[in-house]
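Only one structure is covered here, and it is reproduced in the block below.
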Amino acid sequence: MGRGAAGARVARELLGKLLVRREGRKLLVGRIVELEVYLGENDPAAHAAVGLTERNRVLFGPPGFAYVYFIYGNHYCLNVSCMPEGRAGSVLFRALEPIAGIPEMQQARGLEAKPGARTQRLLTSGPGRLAEAFGITRVRDNGKDMTNDESDLIIAADGYRPQKILATARIGVTKAADMPLRLFIAGNEFVSVRRL
DNA sequence: ATATCGATTATCT
DNA sequence: GATAATCGATATG
């Protein structure tokens with residue numbers, strides 16, 4: 001298996017699974033419908049391309065841990081590490097289909113006053129949006145084990161399997177911009193658009 | 001419908 | 001000092 005294949009395989013397994021946030025007795029749940037693969041040190045578009053730094057060290061740790069970064073002075077984005085310790089491949093969560101805790105997500109996004117299917121799509125359709133809807137920040141979540149039931153941010157499964165997965169180039173990257181490492185569930189309403 | 005642009009700061013050169 | 005794995009607002013067709 002090639003260097004990028006392990007990350008791509010993890011990504012395909014992750015599509016259709018659930019991102020779950022525990023807020024006290026409330027649960028926020030979203031189905032993972034879009035993500036991007038970052039290949040680690042050899043991927044010019046990856047944060048790990050510069051080698052191990054204070055910021056990206058979670059990427060070089062064991063798989064299943066949350067890597068949260070802050071971007072454009074405004075937004076947090078969530079990755080999960082997916083390579084053995086010492087290698088830095090990860091998957092960026094790009095879009096979720098809201099499943100439960102929708103009122104809480106609306107409140108977190110400042111969209112509670114505007115109900116309707118139109119705003120429903122704005123809740124978690126984009127990496128910055130889903131992070132805001134789930135209250136994800138670097139201080140709160142970076143380095144968290146997303147495979148441990150004790151965590152308040154985990155990945156769970158309900159048996160759903162995507163019928164068809166499509167791949168395109170990654171969004172917003174300027175280096176290695178042609179690699180088809182953005183994966184999404186074909187036809188899902190909550191996939192972010194912006195390119196084919 | 002698409003295009004362009006400003007916000008705002010951590011991180012790296 | 002420049003850039004960035006983005007978003008939302010505004011302008012224009």
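The structure presented is a predicted model; accordingly, all values stated were derived computationally and were not measured. Just so we're on the same page: letters track the sequence lines, and every chain starts at 1.
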Next item on the list: Please determine, by modelled atom types, if A/Arg129 and A/Thr124 share a side-chain donor-acceptor pair under 3.5 angstrom.
Entry: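 No pair is found: no donor N or O on one side chain lies under 3.5 Å from an acceptor on the other.
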
Notebook entry, point to check: With a 3.5 Å cut-off and no angle check, do the side chains of A/Ser192 and A/Glu34 form a donor-acceptor pair?
Noted result: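 Indeed, the side chains of A/Ser192 and A/Glu34 share at least one donor-acceptor pair under 3.5 Å.
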
For [X], which residues count as a side chain to side chain donor-acceptor pair (under 3.5 Å) partner, sequence neighbours excluded?
X        : value
A/Thr147 : A/Asp145
A/Lys144 : A/Asp141, A/Asp152
A/Arg57  : A/Glu54
A/Glu23  : A/Arg140

Between atom [atom1] in [X] and atom [atom2] in [N], what is the gap in whole Å?
X       : N     : atom1 : atom2 : value
A/Tyr67 : C/dA4 : OH    : C1'   : 11 Å
A/Phe93 : C/dT6 : CZ    : C1'   : 18 Å
A/Tyr76 : C/dC7 : OH    : P     : 15 Å
A/Glu36 : C/dT6 : CD    : P     : 7 Å

Check: Between A/Arg109 and A/Thr174, who's closer to the 5' end of DNA chain C by nearest nucleotide?
Finding: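 It is A/Thr174, whose closest nucleotide lies nearer the 5' terminus.
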
Next item on the list: Map A/Lys175 and A/Glu132 onto DNA chain C by nearest heavy atom, then report which one ends up closer to the 5' terminus.
Entry: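 Its nearest nucleotide lies further toward 5', so the answer is A/Lys175.
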
Checklist line | Contiguous pairing runs of three or more, Watson-Crick or G-U under 3.5 Å, that involve DNA chain C | finding: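 DNA chain C stems, ordered by first number: B:1-7 with C:6-12, B:9-12 with C:1-4.
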
Next item on the list: Only counting residues at least two apart or in another chain, list the ones meeting side chain to side chain contact (heavy atoms under 4.5 Å, CB included) with A/Leu166.
Entry: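 With neighbours one apart ignored, the set is A/Lys164, A/Phe184, A/Ala186.
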
Note to self: Checking A/Phe70 now: which residues fulfil side chain to side chain contact (heavy atoms under 4.5 Å, CB included) with it, not counting sequence neighbours?
What the structure shows: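 Counting only residues at least two positions away or on another chain, A/Phe70 forms a side chain to side chain contact (heavy atoms under 4.5 Å, CB included) with A/Tyr76.
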
Between the protein and nucleotides 2-9 of chain B, which nitrogen or oxygen pairs come in under 3.5 angstrom?
from  : atom 1 : to      : atom 2 : distance (Å)
B/dA7 : N3     : A/Asn74 : ND2    : 2.7
B/dT8 : O4'    : A/Gly73 : O      : 3.4
B/dT8 : O2     : A/Tyr72 : O      : 2.3
B/dT8 : O2     : A/Gly73 : N      : 3.3

Note to self: Tell me which pairs pass ring pair (Phe, Tyr, Trp, His ring centres under 6.0 Å) where either residue lies in residues 37-58 of chain A, with sequence neighbours left out.
What the structure shows: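 Only A/His47-A/Tyr67, A/His47-A/Tyr69 qualify under ring pair (Phe, Tyr, Trp, His ring centres under 6.0 Å).
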
Check: Restricting to pairs with a member in residues 121-159 of chain A, which pass ring pair (Phe, Tyr, Trp, His ring centres under 6.0 Å), not counting sequence neighbours?
Finding: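 Non-adjacent pairs meeting ring pair (Phe, Tyr, Trp, His ring centres under 6.0 Å): zero.
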
Distances for protein N/O vs nucleotides 11-13 of chain B N/O pairs under 3.5 angstrom?
from   : atom 1 : to      : atom 2 : distance (Å)
B/dC12 : OP1    : A/Thr53 : OG1    : 2.6

Notebook entry, point to check: A/Arg129 side chain N/O closer than 4.0 Å to the phosphate oxygens (OP1, OP2) of C/dG8?
Noted result: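 Yes.
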
Checklist line | Co-members of the apolar cluster containing A/Leu18 [side chain, <4.5 Å] | finding: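 Besides A/Leu18, the hydrophobic cluster comprises A/Val20, A/Leu27, A/Val29, A/Ile99, A/Ile154, listed by chain and residue number.
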
Next item on the list: Decide yes or no, distance alone: a donor-acceptor N/O pair under 3.5 angstrom between the base of C/dA5 and the side-chain of A/Tyr69.
Entry: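 It does, because a donor-acceptor pair links the side chain of A/Tyr69 to the base of C/dA5 below 3.5 Å.
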
